Amino acid sequence: MDNLQINGPRLWDSLMETAKFGGTAKGGICRLTLTDFDRQVRDWFVAQCEAAGCTVTIDTLGNILAQRPGRDNSLPAIAIGSHLDTQPSGGKFDGILGVLGGLEVLRTLQDTGYETHAPITVIDWTNEEGSRFAPAMLSSGVFAGVFDADYANSRQDRDGKKFGDELDRIGYRGTVPVGSQRLGAYFELHIEQGPILEDENKEIGIVTGVQGMRWFEVTITGRDSHAGTTPMHLRRDALLGTARMIEAIHALALVEKPLAVSTVGLVEVTPNSRNVIPGSVFFTVDLRHPDDAVLARMEQQLRDDIARIAAASGLESTVEQVWDSPAVHYDAACVGAVREAADHFGFSHRDIISGAGHDAAYMARVTPTAMIFVPCRDGISHNEIEYSAPEQVAAGTNVLLRAVIEHDRKEHERRQVRAVS
Ligand code: HGY
Ligand code: MN
Ligand code: MN
């Protein structure tokens, strides 16, 4: 069984079939976490895993864990995971490729009768994106002990709906305590979501870590007043102040170029009326850098710039940090398994640090972890035109399959050596 391979057309069919759950007219997906579309894709995934001979459990945060037994089920499972939720204007591959790639591994093991030593568990993590309920990677974070379950359940979306209530509403609050499963390793397949692999014509990214990232929520307060009767020098325009802050937030990343990035992605203006000078603005800030010390410097600059601009504009400001995910380095043995798998198939590859956050970033805190990237066209993601070709997603899934079974085989050999020594 040295040349086990996945069924590429079956994987592609599943990717295209599940794209209908929240599919958009432009060919993307809007499947926000804990919506009815999320429930529909979850129901589909559970049924497919059971059809592939797995036992499916749901934990108390709605994480779905589908386990295929191995020869020795007392061993901690080797996990494969990612997420089924998407951005509001998401694509067909972000997250779901990692979950369906895991399902394809399970199906291939079932088809061929290949028996691993340890059980294999494929996981769908609730609310990886953090778009509806901040922060991102919320449920893998609880599994890894970063957040507690009460904090997760209390998180509210911008309409005031609570994570816990929405989880109950779609019927996916399970009984297995989140984080109770011991895992022996964790592998995640994902599109790169950036341009590097495509620019360098590399088929596989050997992901060695994830950059640090911090999220902030900012409220700027001025004074609502009449657009026609308020002289320019008497205005306390929260949106004008915000515009100057957004410019400064962009500039602070350029100071730390080439690796720093900063983004203001969500802005809410109140009262948002064309003839009222805005008295209040809520906006979000996303800062990232591979070096935590630089990220801390960027945060300080952010706070200084907002305070300076608010004071100069007669505005009040509050800045709340809502997420801090430090830079992550993946496990050398697991990264080695990915590299060996890419070499086994003769795929061109390069080491890469992930610019995007992933559940694997938190899993690395509790079990040896690595990731596999495949290119996406023009490096575009978090966009309805996101695309990876059938041969690209098949290559990544073959590397996932090989890395998992080789890691399982080597761990078995290590246990045997330990047993006789
Ligand atoms: O924000 C991220 O990097 C991920 O897509 N949730
Ligand atoms: Mn993702
Ligand atoms: Mn994403």
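Just follow the structure's listing: the first ligand is 1, and inside any ligand the first atom is 1. Values below: all heavy atoms of this structure, side chains included; hydrogens, waters and symmetry mates excluded. What you are looking at is a predicted structure, and each value in this text was computed from that prediction instead of being measured.
Contact annotation for His190 and ligand 1: no heavy atom of the residue comes within less than 4.0 Å of the ligand.
Evaluation of the salt bridge (charged side-chain N to carboxylate O under 4.0 Å, His left out) rule for Glu413 yields Arg409 as partners, not counting sequence neighbours.
Excluding waters, the protein N/O/S atoms found under 2.8 Å from the Mn ion (ligand 3) are Asp94 OD2, Glu129 OE1, Glu129 OE2, His382 NE2.
Between Ala356 and ligand 1, no N or O atom pair is found at a separation short of 3.5 Å. Inclusion of Asp286 in the set of residues having an N or O under 3.5 Å from an N or O of ligand 1 is not warranted. The shortest N or O to N or O distance between Asp94 and ligand 1 is not under 3.5 Å.
Glu203 and Gln392 share no side-chain donor-acceptor pair at under 3.5 Å. Judged by distance alone, the side chains of Arg402 and Gln5 never bring a donor and an acceptor atom under 3.5 Å apart. A side-chain N or O of Gln301 and one of Asp305 form a donor-acceptor pair less than 3.5 Å apart. Under 3.5 Å, the side chains of Thr263 and Asp286 contain no donor-acceptor pair of N or O atoms. Residues Thr126 and Arg42 bring a donor and an acceptor atom of their side chains to less than 3.5 Å of each other. With hydrogens and angles left out, the side-chain atoms of Glu384 and Thr24 include a donor and acceptor closer than 3.5 Å. Counted by atom type alone, Thr221 and Glu316 present zero donor-acceptor pairs between their side chains at under 3.5 Å.
Under the 6.0 Å cut-off for aromatic ring centres, Phe143 and Trp125 qualify, their centroids lying closer than that.
Of all the listed residues (Arg288, His83, Met137), Arg288 holds the heavy atom that lies closest to atom 2 (C) of ligand 1.
The closest approach between a heavy atom of Gln87 and any atom of ligand 1 is not below 4.0 Å. Note on ligand 1: His358 sits outside its first shell, no heavy atom being nearer than 4.0 Å.
Using the six-membered ring where Trp is involved, Trp12 and Phe93 have ring planes that are tilted, between 30° and 60° apart.
Considering only non-hydrogen protein atoms, atom 6 (N) of ligand 1 sits nearest to Glu128 OE2, 3.0 Å.
Interface of His382 with ligand 1, defined as ligand atoms under 4.0 Å from a residue heavy atom, comprises 5 (O).
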